[in-house]
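So the structure is just underneath, and the comments pick up after that.
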Number of protein chains: 2
Amino acid sequence: MYKFPGDVSNNNAPISETLLNKLRRDILTGGFKPGQKLTEQDLCHRYQVSRTPVREALRQLETDGIVENILNRGAFVIGMSDRDYEDMFELRKIYEIQAVKWAIERITDEEMDKLEETFEFMEFYTLRNDIEKMLTINTGFHQVIYEASHNRTLQTLLSSYQNLVKYKGADSMYDDDYLQNVLKEHRAIFKAFVDKDVKAGAQAMEIHMNRTKERRCGTV
Amino acid sequence: MYKFPGDVSNNNAPISETLLNKLRRDILTGGFKPGQKLTEQDLCHRYQVSRTPVREALRQLETDGIVENILNRGAFVIGMSDRDYEDMFELRKIYEIQAVKWAIERITDEEMDKLEETFEFMEFYTLRNDIEKMLTINTGFHQVIYEASHNRTLQTLLSSYQNLVKYKGADSMYDDDYLQNVLKEHRAIFKAFVDKDVKAGAQAMEIHMNRTKERRCGTV
DNA sequence: ATTTGTATCTTCGTATACAATTATACAAGT
DNA sequence: ACTTGTATAATTGTATACGAAGATACAAAT
C-alpha cells in the first residue's frame, strides 16, 4: 500500500489510540476544563467504551503532561496555559533545529527522495490553495526530517509535541500570505538538505519555528 | 514530613508505579532482551499482579520508548543501543542547558535555598565518600533546577531522561576522583546561580553533561 | 519438497465483577 | 455555628471472564 508523505497513520498503534486521540483533542480544544476531574465512568459513557481502555488512555495522557493521575483519587485535567504553549514552542524549536542538523548529516538517499517528494506536494497544495492538505503535508515534512535524524528519542518526542500544539491557534493563524510564507520557509529548509549545509538548515528551521510560534501564539 | 532534597519519591504516583519502575529497571538492566516479546501472562506471574496493571505499565513504557505495542500482537522490548544512549545524552544535554538558563532567570528565593542546601549535602557526602548517597543527591540537585525552570514540560522530560539513563554505565564510572570531579562540576553550576550568570551556568552545565556522558558512555 | 487450507491453541482487547479507598451526608458533641 | 465521628455512597485499583485476532501445527494438494 502506497502511503503519501503526509500520511502519518500508524497501523501498529494500539486499538485505543482512537480513544486517546479523541480524549486529547477534547481536552486541548477545551471540552474539559483545567483542574476538572475526569471520572472514568463518565468517560466510559461519553466514548462508549469500558474502563480498561479509558484507564490506558489516561495513563498515556499523563505522560503527555495534560492529565494528572492521583492515587485513589483519579485523573484531573492539567490545562495548557499560554506560557505553557510558549515554553513548549521554545522547547520544540530547540529539538527541531537539532533534528535538522542530524538529519542533514545522516539522511539516506531514499529519505532524501521522500523529502523531495513531500516538498513537491507542498508546492502543489500551495498552488491549489488547499490549507487543509497543507497542514497534513506540513506535518509529514517534519516527520521525514525526524526519521532522517535516525534518533528514535527525538522522533518520538517531536511527534508528541506536534500532537500537543496542533490545535493551538489553528483557527486564527491564516492571513492571505500564509501558504506562501510556509512554503518559503520550508523551501529554505529543503535547500539546506540539497546543499548538505547544516548551518543553513539550522538557521532556516529556527526562522520557521519562530514564525510558527508567532502565527500560533501571537508572540515573538 | 520533611523531604531531603535528594528524595524524588512521588506520593501521588499511581499504585502501579512500583510495577512500572520494576519493569523498566528489568528491561534496562538486561533482564529482557531487545526484540523479546513481553507476554502479559508471563509478566503477571513474574510480578504477581493481574493483567490490568501490567497493560498500564506497558503503555507507559511505550511512551518511554523502550517498549513497542503492536496491535493484537503484543509488547516487544526495544533495546537501547550505545548509539541510542549517546544520542539521549546529547538530547539531555541540550535541555539541561536550557533548564539552567531558565532556572537562573526564574528561580525563587525559596528554590535558591533548596539548591544551596542540596549543594551542601553534596559537599557533605563527598567528604564522607558516600557514593550511594551522592548519586541520590545528584539527581536531587538537577531536580531542583528543573523545578526552578518553571517549565512543566521540561521538568517532566528531564526526569524521564534520568529514569532512562540511570542504569547506563552505573557500575563502571567511578575512578578515584569521581566524587571530587562531580562536586567540582556542580560547584561551578551552583556558583552561576549565586552570580545569576546565565552564560556561566550554561557553560558549567555543558561541561558537566559532557563529563557525565564520558563517564557513562566512555565516549566524548 | 513446497505450499495452502484448516483446525486448534495462544494471546490480546475489552467488558465486567469485586475489593479497597476516598468522598459525602448527616448526626452528635462542643 | 462549627467541628468531629460515623455510616453510606461513589470511585478507584485490581482481578477475572469472554470474544476476537493472530500464531501454530499439520494434513492435503500441487
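So that the names make sense, note that chain A is the first sequence line, chain B the second, and so on, each numbered from 1.
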Can you tell me how far apart OG1 (T212(B)) and CD (E185(B)) are? Round to the nearest 0.5 Å. 6.0 Å
Q48(B) CD to dT14(D) P, in whole Å, measures 14 Å
Rounding to a whole Å, what distance do you find between N69(A):CG and dT11(D):P? 16 Å
Mark yes when over 12 heavy atoms from residues, nucleotides or ligands other than R106(B) sit less than 6.0 Å from its CZ; otherwise mark no. yes
Separation of atom CZ in R55(B) from atom C1' in dC12(C), rounded to whole Å: 7 Å
Taking atom types as they are modelled, is there a donor-acceptor pair under 3.5 Å from the base of dG13(C) to the side chain of R73(B)? no
Would you kindly give the CD-to-P distance between E62(B) and dG13(C), to the nearest whole Å? 10 Å
By nearest-nucleotide position on DNA chain D, the 5'-leaning member of A75(A) and T52(A) is A75(A)
Only one of Y125(A), F193(A), F190(A) forms a ring pair (Phe, Tyr, Trp, His ring centres under 6.0 Å) with F119(A), so which one is it? F190(A)
Result for side chain to side chain donor-acceptor pair (under 3.5 Å) between H208(A) and one of K213(A), K93(A), E96(A), H142(A) points to H142(A)
Of the options dG13(D), dA15(C), dA15(D), whose atoms approach the side-chain atoms of V49(A) most closely? dA15(C)
Starting at atom CG of L71(B), determine the distance to atom C1' of dT11(C), rounded to an integer number of angstrom. 13 Å
In whole angstrom, what separates R51(B)'s CZ from dT10(C)'s P? 15 Å
To the nearest Å, how far apart are Y47(B) OH and dT14(D) P? 16 Å
Atom-to-atom span, CZ of R59(A) to C1' of dG13(C) - whole angstrom: 18 Å
How long is the straight-line distance from CE of M209(A) back to CG of L91(A), given to the nearest 0.5 Å? 12.5 Å
Any donor-acceptor N or O pair under 3.5 Å, side chains D84(B), S81(B): yes
Per the under-4.0 Å heavy-atom filter, residues of residues 33-46 of chain A near DNA chain D come out as K37(A), L38(A), T39(A), E40(A)
With respect to the phosphate group of dT14(D), does any side-chain polar atom (N or O) of S50(B) fall under 4.0 Å of OP1 or OP2? no
Can you tell me how far CG of L157(B) sits from CG of L157(A), rounded to the nearest 0.5 angstrom? 5.0 Å
